[in-house]
Amino acid sequence: MFASVCLLLLQAQSTALAEHNIPNIFHPLSTPARTEFGVSMLVFAITGAIFVVVAALLIYTMVRFRHRPGKDDEAEPPQVYGSNRIEAAWTVIPILIVFVLAGVSARVVWGVEDASPPKSTLHVTVIGHQYWWEVNYPYYGVVTANEIHVPVARGGQHATYLELTSNDVIHSLWVPELGGKTDLIPKRENHMWLDPSEPGVYRGNCTEFCGVQHANMLLEVVAQEPADFERWVAAQQKSHPVVAPVSDGQKRFMMCAGCHAIKGTHFMGRLGPDLTHIASRRSIGSGVLPNTPENLRAWISNAQDSKPGCLMPAMKLTSKNLDDLTAFMETLN
Ligand code: CUA
């Protein structure tokens, strides 16, 4: 009865989680995440058993030896000294437990790290910035930000291999459904790989404190059917050639071009996210706002309102200029 209630609660919870796109460490959907989930369950079982044994002994002692009226409170319990058997038991058993936990964890960590990616692996470079993620697909010539599109992996095909580095301080990438945390360190390249088994949007976060907006350094892995992924790549590869007449918004973009690039134009700033296909993205500001025209307009007007401390300054534009710029950027899909 209790078990079935728990199961029902868990099921209700997992659907709610799926709807709200909240990361769930109990729902691994990629080989590294599944392997790591297995170790967590083993650790949980061993430590859970220790907890039950210790708690049971504690409760037994508290009940069995509680104060009773009429008993002599001054009397000492029997004193045990120098029992080699007891001392050996409480030394050897914890050492064995620590060895088992350390050995299994080390084997899994090395197993996940050393697994060589299959031939058809997609290579993606992810660069951490304060406070957003640059995502490069060198083979396809695609640059985007804050969302990593990958194909769903089936039958050992289409795994995605991430090369991770940082532009400034140390960040760490964690998408709980797909794998463990890996640091992004300046002047160093770390690796991780994932092979999502189901299409979906998996939310991740920076998990190494990197400054005031660390908590708002979110990212999403969008796992798509291979054909959908190919379509996404083809759309992202398109550039935006400048065609006359140039709109007011596009002229206004000149003030953004010190930091932002649009492929196919002379706007080639590299400090901020590449905006070639900004309108196709799901969020603004690395996950702080859903990508709607109103939010984009508010973000351009003063990004510090929604993400205080981010590097994007308030643009101090008139209402007309904001409208023009937003309208232009909505064409970048
Ligand atoms: Cu980037 Cu915390």
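One-based numbering, in listed order, for ligands and for the atoms of each. Here the structure is a predicted model, which means the values were calculated and not measured.
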Would you please indicate if the ring centroids of Y139 and H123 are separated by under 6.0 Å? no
With a 6.0 Å cut-off on the ring centroids, do Y137 and W232 count as close? yes
Got a donor-acceptor contact below 3.5 angstrom from the R66 side chain to the V63 backbone? yes
Any salt bridge linking D274 with K263? Criterion: basic side-chain nitrogen under 4.0 Å from a carboxylate oxygen. no
Near atom 2 (Cu) of ligand 1, which protein N/O/S atoms are found at less than 2.8 Å? C206 SG, E208 O, C210 SG, H214 ND1
Counting N and O atoms only, with roles assigned by atom type, does the side chain of E147 sit under 3.5 Å from a partner on the main chain of L219, one being a donor and the other an acceptor? no
Kindly say whether the aromatic ring centers of H240 and H277 come within a distance under 6.0 Å. yes
